[in-house]
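What follows is one structure encoded as structure tokens, with my remarks underneath.
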Amino acid sequence: MGGTSSKLSKDLLSEYQELTFLTKQEILMAHKIFSELQDKENGPYGARVSMEKVLTLPELKSNPFRKRICQVFSTSDLKDGSLSFEDFLDLLSAFSDSATLEIKSHYAFRIFDFDDDGTLDARDLEKLVNSLTGETDDTRLTGEEMKQLIGNILEESDIDKDGTVNLSEFQHVISRSPDFVSSFKIVL
Amino acid sequence: MELREFNNQVHSPPDYPSPSLRFQTVPDQDTSAVQFDWASPTEDAEDSKEPRNLRELPLHMGLKKALWQVQQMRVPVVSSSWNVKQSQTFRRFCEVANYILSYFVLWKRGIQKIGGHFGGGVQSYFLFLRFLVILNFLSSLLIAAFVLIPSIVFRSMNLNSTIASTVNLTDEEICLQYDPKPGALLVFYTFILDLVSGTGFMEYSYLFYGYYDNSVTESNGFSYNIPLAYMLMAAFYFLFCLICMIIRMGDTARLVVVMGGEAVGGYSMEVFTGWNHGLQGDFETKAKQNNLRHRLQLDLEEERLKKKAASLTLGKTVSLYALRVFLNLVVLILIGATFYGIAQATLFSQSMKLTGFNGLLLQYLPSMVITASNFVVPLLCNKIALLEKYSAGTTIILSLLRVVFLRLVSLGVLLYTLWEQITCKGEISNNNCKPCHYNYAQYKCWETRVGQEMYKLTLFDFLITFATLILVEFPRRIVVDHCLCKLTQLVGRQEFLVAPNVLALVYSQTVVWTGAFFCPLLPFINTIKLFIFYYCKKTTLFQNCQPATRNFRSTTSNFFFMLVLLFGWTLSSMVLLYSVTKIHPSYGCGPFRLNTAMWDVVPGAVNMLSHTSKEFLFYIGSEKFSIPLFLFSCVLLCYVHALTSVHGKSVTLLKSQCKLEQRDKQFLVRQIEELNAKVQKKQHEPQQPQTETKPLYHTETQWNQHYNNAFDLDTDT
């Protein structure tokens with residue numbers, strides 16, 4: 001379903017408009033870009049585009065969270081981060097201009113949850129901070145600084161003091177930040 | 001939930017899309033194999049609710065499609081299907097309207113690109129610039145429609161026009177003389193001089209107040225009172241700008257009040273919301289990562305230092321405060337010296353009369369002094385602020401406040417000096433001011449002169465920015481890029497500092513507001529100036545600047561800039577109010593000659609209305625109306641304040657409730673595990689392999705347990 005035909009049918013288009021935050025033009029643009037990604041694909045996947053191909057998009061190429069983003073939005077059985085056209089639309093919808101704060105914070109939480117256990121524990125936070133500052137050795141924080149930082153984060157946002165940040169606590173922090181909605185945006 | 005089910009689900013990954021629809025999802029399976037529980041009792045409750053907006057559910061497309069099909073099938077049964085269709089068509093209409101309107105949004109793509117490359121702070125500057133361009137454009141349309149075009153039309157048609165009011169003139173006849181018409185032939189350089197300083201041929205033109213007639217044009221039952229139109233246009237212009245600013249401030253103000261001040265939850269906010277996903281390009285990403293790392297390291301170090309310095313000895317504290325007081329005094333002295341310099345420059349330039357290029361320089365002397373002080377004093381203030389050893393946030397706000405104070409009050413000093421000259425320091429009985437109630441000898445048409453000063457300020461501001469661009473920023477980039485010596489690498493490429501640029505915009509807008517009454521075309525000139533500014537600033541941004549090393553918290557700063565703009569508006573409206581009511585208008589020029597004060601046109605017009613309208617207007621303006629209104633707004637304020645405090649209290653209450661619930665949960669989990677262990681020990685049966693028990697604080701979390709109420713279809717819970 002989706003990306004194999006050369007043109008989107010009107011029904012599908014209106015259905016996607018209902019179910020995502022994208023406008024008609026954005027859906028058509030996404031379709032065009034996805035078709036281009038597919039043409040370079042030779043494998044037997046057909047409707048799915050592998051993660052490597054998706055990560056060649058200029059909007060995602062330098063994003064430090066690119067791999068996590070693909071894994072979160074992928075519905076593939078093999079858990080390899082490959083995206084179908086509908087996964088791609090879900091991705092763009094969550095990152096679009098008009099998506100609500102709840103949707104964005106929900107997906108942000110899942111992107112930051114590196115081990116997929118439903119909470120952000122100290123390991124997740126450490127990986128998150130490393131992604132933010134740079135992955136190479138000379139761009140990481142020192143062990144001391146990391147410990148201090150994670151301790152501060154947990155002290156500020158862990159309301160129920162269980163040592164992890166769950167979704168509600170995360171959304172509580174996000175709701176007080178006025179810049180989150182405008183920074184959690186990818187526009188093709 | 002049954003014990004076994006709970007145990008089963010304890011060691012498997014969470015099913016993200018499962019909440020709130022009572023799915024019987026089986027773990028580890030593809031979540032698209034959803035089984036709807038048609039028999040669920042809550043289905044009936046959901047029938048009567050309006051179908052939820054599906055796009056707001058955090059499910060993947062397959063699930064959303066299935067839900068949509070369910071809703072489509074359900075819709076004919078629901079009695080309020082007409083409502084549903086209505087809301088859907090309305091939403092579609094809104095989308096189409098938004099799409100069409102987005103074509104008219106000025107510079108949408110450009111600003112998006114800027115935000116992607118340079119971040120939210122720089123983008124907020126360009127958004128502010130766009131807001132000012134639109135504001136100025138709309139207000140110049142307003143002015144053109146009500147004042148400019150009628151004047152042009154009536155003058156060119158030579159219609160029957162009568163003078164608005166006649167006053168017995170005895171010894172004020174000398175004040176009527178005003179003849180600024182230049183000679184027919186102009187030398188070229190005089191032409192340029194006149195263009196730039198607003199004198200000569202420019203003075204007696206639609207650009208300045210002095211050209212407009214005080215006539216009431218009547219023909220075929222149509223009458224247009226130009227003085228009244230001029231006065232009301234000025235009032236509406238200010239009101240219109242105020243409304244636009246308040247609308248724009250509305251959202252940001254709400255956010256700032258909700259956030260309740262600076263950086264509560266600073267670290268977690270920085271880490272969770274720090275990344276801008278719109279950034280593209282390796283270079284920008286690395287720069288942003290460096291930026292984030294520096295900020296985090298700085299904040300962490302500051303915290304460490306604060307902990308160390310928490311125990312300052314008494315002597316050190318005293319010396320720190322003494323240092324701060326001393327430095328504040330130094331800043332005040334600097335600013336005071338600037339004001340004195342501006343006052344002297346204005347006096348000097350108003351009193352001397354030179355011609356030619358020297359005359360031009362003399363005329364621009366106040367503008368030059370203001371601009372020079374606006375360059376030098378903020379630099380010094382920044383250096384002083386570094387010595388004061390406040391925290392980073394306080395330092396920025398303090399230096400911004402000082403610069404704002406300097407810029408706006410220096411404009412005020414200029415205006416005060418002008419006022420002194422025009423009204424002979426307020427003493428009407430002074431010899432110079434006696435016959436005409438203003439200093440006729442120096443100012444035959446004082447309103448035009450004030451307009452000229454504002455016009456010169458605007459032009460000079462534009463010239464300086466343009467010159468800085470060409471003579472400072474481009475060469476700096478060329479030098480840094482091609483000369484590899486250490487000094488240039490140390491200085492580095494230009495950084496686009498948002499705060500000084502925004503304050504420059506606020507200052508220029510305040511100048512325009514002050515001058516708009518005396519120079520009606522000034523908003524239009526400002527529109528063109530800001531329009532060119534956009535392209536200049538964008539060019540310099542992309543060619544000469546490096547990505548910001550210091551992040552800029554956009555929204556609180558946006559609110560602060562709008563606040564400063566509002567302050568500028570207040571300043572200029574006070575100037576307008578004073579000059580309209582207190583100073584005698586010029587006898588020889590303008591639409592208000594022969595009135596005692598400019599405001600007198602309005603009561604005159606009100607008196608000509610019908611009896612009931614007059615009564616109504618008088619009632620609105622009297623105390624009988626305004627005092628009850630004032631009392632009512634006080635009551636409203638108290639009510640809103642009470643609401644806010646109640647909400648704050650309930651937030652703290654809910655937080656402590658969360659803590660209690662988590663403790664209860666942990667207690668219950670412990671009990672369950674103990675019971676489980678007992679049961680399994682008793683039975684001596686091969687059981688599920690117990691994976692290592694995770695420590696208690698890392699309780700098994702399932703999306704089922706942590707679903708967010710926001711995603712409940714059943715909105716009663």
Side-chain angles (χ1 to χ4, degrees), chain A residues 15 18-21 23 25 58-59 62-65 75 77 86-87 89-90 93 95 100 102-103 106-107 110 116-119 121 128-129 132-134 139 141 145 148-149 152-153 156-157 159-164 166-168 170-171 173-174 176-180 182-187, chain B residues 13-14 16 30 32 54-56 58 60-62 64-65 68 95 99 112 120 252 255 258-259 264-269 271-282 284-286 289-290 292-293 296-297 300 553-555 655 658-659 661-662 666 697-699 701-703 706 708 710-711:
Chain A
E15 191 177 345
E18 254 321 293
L19 298 179
T20 65
F21 287 101
T23 64
Q25 294 69 34
E59 290 85 5
S62 348
N63 193 326
F65 299 103
T75 52
D77 299 338
E86 296 187 343
D87 296 338
L89 281 185
D90 275 330
S93 166
F95 278 97
T100 59
E102 285 84 25
I103 283 275
H106 179 100
Y107 280 111
R110 286 175 60 181
D116 271 325
D117 64 351
T119 58
D121 55 6
L128 170 60
V129 172
L132 285 177
T133 59
T139 54
L141 296 180
E145 289 172 335
Q148 187 188 357
L149 179 61
N152 282 334
I153 293 176
E156 285 165 358
S157 35
I159 299 178
D160 53 12
K161 306 291 172 220
D162 63 351
T164 64
N166 62 25
L167 179 63
S168 322
F170 182 79
Q171 284 179 326
V173 172
I174 295 285
R176 313 187 97 205
S177 157
D179 303 325
F180 174 69
S182 51
S183 68
F184 199 78
K185 227 188 265 195
I186 292 180
V187 179
Chain B
Y16 281 91
D30 189 0
S32 59
L54 277 173
R55 51 177 81 159
E56 291 173 17
H60 64 80
M61 190 71 84
K64 283 196 272 193
K65 274 189 172 171
W68 197 51
E95 279 173 13
Y99 173 63
Q112 239 171 25
T252 42
L255 276 167
V258 160
M259 266 174 62
V264 179
Y267 287 106
S268 33
M269 197 126 59
V271 166
F272 291 150
T273 65
W275 187 257
N276 181 1
H277 291 266
L279 270 183
Q280 292 182 28
D282 276 332
E284 287 87 356
T285 314
K286 281 213 182 65
Q289 283 175 329
N290 282 339
L292 274 171
R293 188 178 68 252
L296 286 172
Q297 282 174 332
L300 288 170
R553 184 152 282 152
S554 11
T555 313
K655 273 195 191 168
C658 267
K659 274 192 212 146
E661 282 193 8
Q662 177 62 15
Q666 285 178 0
Y697 67 80
H698 194 66
T699 335
T701 50
Q702 283 291 299
W703 282 103
H706 283 281
N708 195 347
F711 295 134

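Each chain gets a letter, A, B and so on, in the order its sequence line appears, and its residues count up from 1.
Taking the side-chain hydrogen bond (donor to acceptor under 3.5 Å, both in side chains) definition, one finds that A:E18 meets it with nothing, sequence neighbours left out.
A:D87 and B:H60 form no side-chain donor-acceptor contact under 3.5 Å, judged by distance and modelled atom types alone.
A:S93 places none of its side-chain heavy atoms less than 4.5 Å from the side chain of B:R55. Side-chain contact between B:F272 and A:L128 is present, with at least one heavy-atom pair separated by less than 4.5 Å. Contact check for B:M61 versus A:T20: side-chain heavy atoms found under the 4.5 Å cut-off.
When atom types are taken as modelled, the side chain of A:E156 and the backbone of B:S268 share a donor-acceptor pair closer than 3.5 angstrom.
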task: Check the pair B:L300, A:N152 against side chain to side chain contact (heavy atoms under 4.5 Å, CB included), reporting the backbone distance first and the verdict last.
output: CA-CA 9 Å; B:L300 288 170; A:N152 282 334; 3.9 Å; yes

- request: Go through the steps for A:E102 and B:E56 under the test side chain to side chain contact (heavy atoms under 4.5 Å, CB included), then give the verdict.
  value: CA-CA 8 Å; A:E102 285 84 25; B:E56 291 173 17; 5.7 Å; no

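Between A:S183 and B:T273 the shortest heavy-atom distance is OG-O, 3.8 Å. The heavy-atom pair separating B:T285 from A:P64 by the smallest distance is CG2-CD, 4.2 Å. When all heavy atoms of A:L132 and B:Q289 are compared, the closest pair comes out as O-CG, 3.2 Å.
With values rounded to the nearest 0.5 angstrom, B:K64 atom NZ is found 11.0 Å from A:E15 atom CD.
In this pair, A:F65 and B:H277 present their aromatic rings tilted. The plane angle is within the 30 to 60° band.
Only the side chain of A:T100 comes within less than 4.5 Å of a heavy atom in chain B; its backbone stays farther off.
Put simply, of A:F180, A:F184, A:F21, the one with the most heavy-atom pairs under 4.5 Å next to chain B is A:F21.
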